[in-house]
K.L.:
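This structure is in structure tokens; I'll ask about it shortly.
Below, each value reflects all heavy atoms present in this structure, side chains not excepted, and no hydrogens, waters or symmetry copies. None of the values given here were measured: they were computed from a predicted structure.
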Amino acid sequence: MAGDTYQWLYVWEGCVQAYKDTLDGVCGAVVAVGVEVTGAGNLDDVVYYYADGKPTRYAQVKYAADASTAVGEEYLFKLSGDGGPSILQKIARSWQTLIRNGEQVQLALLTNRSPDPADVLLKGRDTRTGLLRPRADQQGPRSERGRARARWAAHAGLDEAQLLALLDVLEFHLGREEPLQRKLVSRLMQVGGLHHDDQAIMTGIQWVTQQVINGKRRLSLTDIRAAVSKLGLLAGRSVGPGTALNGEAPALVARPRPVTAWQPDRLGVHRAVQEHDGIEVAPLHRTGPRRPTAPPLAHGGRQGCRHGRRAR
């Protein structure tokens, strides 16, 4: 799988989450997905926009054809081929640009590269959240971890307080190999009432690719719902005669097996957590047919918005 296609897979994942969120009527729902947006520096690959004031999530996607280099200090500090800034320096600068006007953000590095098990800070990563904190700020400046913090801060051009503020919002989602990522997207499509086989996933990826070719950099909920309908992605199980799905009738919604493994998480796009950096989808507590809720009224205000256990 080429790097671009790997990136589009994450974009499609966000589109499916937006589609599912509008069915569920959840608060803090994904309302649009950006791809290679302007003004986000190198954190522009995939951007998730949320309702209800939830911070926008900016992500960089990095794909590797082999596993020769793990994610650690050496990888993050390595200057680009032409002597330009490293990955960590680019992320730090992009973060400073994004928060300059007081914007609250979430950040993520999404890659199929595995973490370096010997890296002092990365080995303390919380696999549920992808965050290096709280362990990154534990122990004093003379400890091994304290010396690593000093190196990261100096390389990124930050003081230690700024580095910790960055690490409080920067998630490292590592080892996301293509087959695993496809499985996660398939599960999300299933609980969203969509066809979820390999062909359905490729159909979504191809749609994203075409939007990028056409120069479209923000995929709205309207765009996503229209694509789901036009591409024939709705699964063929009726929720009842004459039932309308947000203005589209008849409504066809799959009834997948419930997902019961739930843990707190900060990902925002996902809802339930597997043992690894797994898919996170809302457990289904309903026993009868699913009843669709009304669509969002606008960004920041939602009809039928339900408060419940949500990622923070």
K.L.:
With sequence neighbours left out, what residues match A64 under side-chain contact (heavy atoms from CB on, under 4.5 Å)?
P.N.:
N112, R113
K.L.:
Going by the rule salt bridge (Lys or Arg N to Asp or Glu O under 4.0 Å), which residues pair with K216 if we only count those two or more places apart in sequence or in a different chain?
P.N.:
D223
K.L.:
For residues V46 and V11, report the shortest heavy-atom separation together with the two atoms involved.
P.N.:
CG2-CG2, 3.8 Å
K.L.:
Could K123 and D119 be called an ion pair, given the rule that one side-chain N must be under 4.0 Å from one carboxylate O?
P.N.:
no
K.L.:
State which residues pass salt bridge (Lys or Arg N to Asp or Glu O under 4.0 Å) with D44; sequence neighbours excluded, sorted by chain then number.
P.N.:
none
K.L.:
CZ of R225 to CG of L234: how many Å apart, nearest 0.5 Å?
P.N.:
10.0 Å
K.L.:
Just jot down the side-chain contact (heavy atoms from CB on, under 4.5 Å) partners of Q60, sequence neighbours excluded, or say none.
P.N.:
N42, L43, D45, K62, I87, I91, L109
K.L.:
Who pairs with Q104 by side-chain contact (heavy atoms from CB on, under 4.5 Å), at least two apart in sequence or on another chain?
P.N.:
P55
K.L.:
Can you give me the closest heavy-atom contact between A32 and S220, atom names plus distance?
P.N.:
CB-CA, 4.2 Å
K.L.:
Side-chain contact test, heavy atoms from C-beta onward, threshold under 4.5 Å: evaluate it for L219 versus W207 and give yes or no.
P.N.:
yes
K.L.:
Using side-chain heavy atoms (C-beta onward) and a distance below 4.5 Å, is Q89 in contact with S86?
P.N.:
yes
K.L.:
Would you please name every residue forming a side-chain contact (heavy atoms from CB on, under 4.5 Å) with I99, sequence neighbours left out?
P.N.:
W95, V105
K.L.:
Does NZ or CZ of R57 lie under 6.0 Å from the centre of the six-membered ring of Y50, at an angle within 45° of the ring axis?
P.N.:
no
K.L.:
Is the side chain of D52 donor-acceptor paired with the backbone N or O of C27 at a distance under 3.5 Å, no angle test?
P.N.:
no
K.L.:
Going from CG on L122 to CZ on R135, what distance comes out if it is rounded to the nearest 0.5 angstrom?
P.N.:
12.5 Å
K.L.:
Can you tell me if CD on E74 sees more than 12 non-hydrogen neighbours from other groups inside 6.0 Å?
P.N.:
no
K.L.:
With sequence neighbours left out, what residues match D116 under side chain to side chain donor-acceptor pair (under 3.5 Å)?
P.N.:
none
K.L.:
Does E73 have any side chain to side chain donor-acceptor pair (under 3.5 Å) partners at least two apart in sequence or in another chain, and if so, which?
P.N.:
R151, W152
K.L.:
Is it the case that more than 12 heavy atoms not belonging to E177 sit under 6.0 Å from its CD atom?
P.N.:
no
K.L.:
Going by the rule side chain to side chain donor-acceptor pair (under 3.5 Å), which residues pair with E103 if we only count those two or more places apart in sequence or in a different chain?
P.N.:
Y58
K.L.:
What I'd like to find out is whether the side chain of R145 reaches to under 4.5 Å of the side chain of Q138, using heavy atoms alone.
P.N.:
yes
K.L.:
Indicate yes or no: at least one non-hydrogen side-chain atom of E13 is less than 4.5 angstrom from one of L188.
P.N.:
yes
K.L.:
List the residues meeting side chain to side chain donor-acceptor pair (under 3.5 Å) with Q162, not counting sequence neighbours, and say none if there are none.
P.N.:
none
K.L.:
Atom CG in L132, atom CG in D137: separation rounded to 0.5 Å?
P.N.:
10.0 Å
K.L.:
For R149, enumerate each residue passing the salt bridge (Lys or Arg N to Asp or Glu O under 4.0 Å) test, keeping only those at least two apart in sequence or located in another chain.
P.N.:
E160
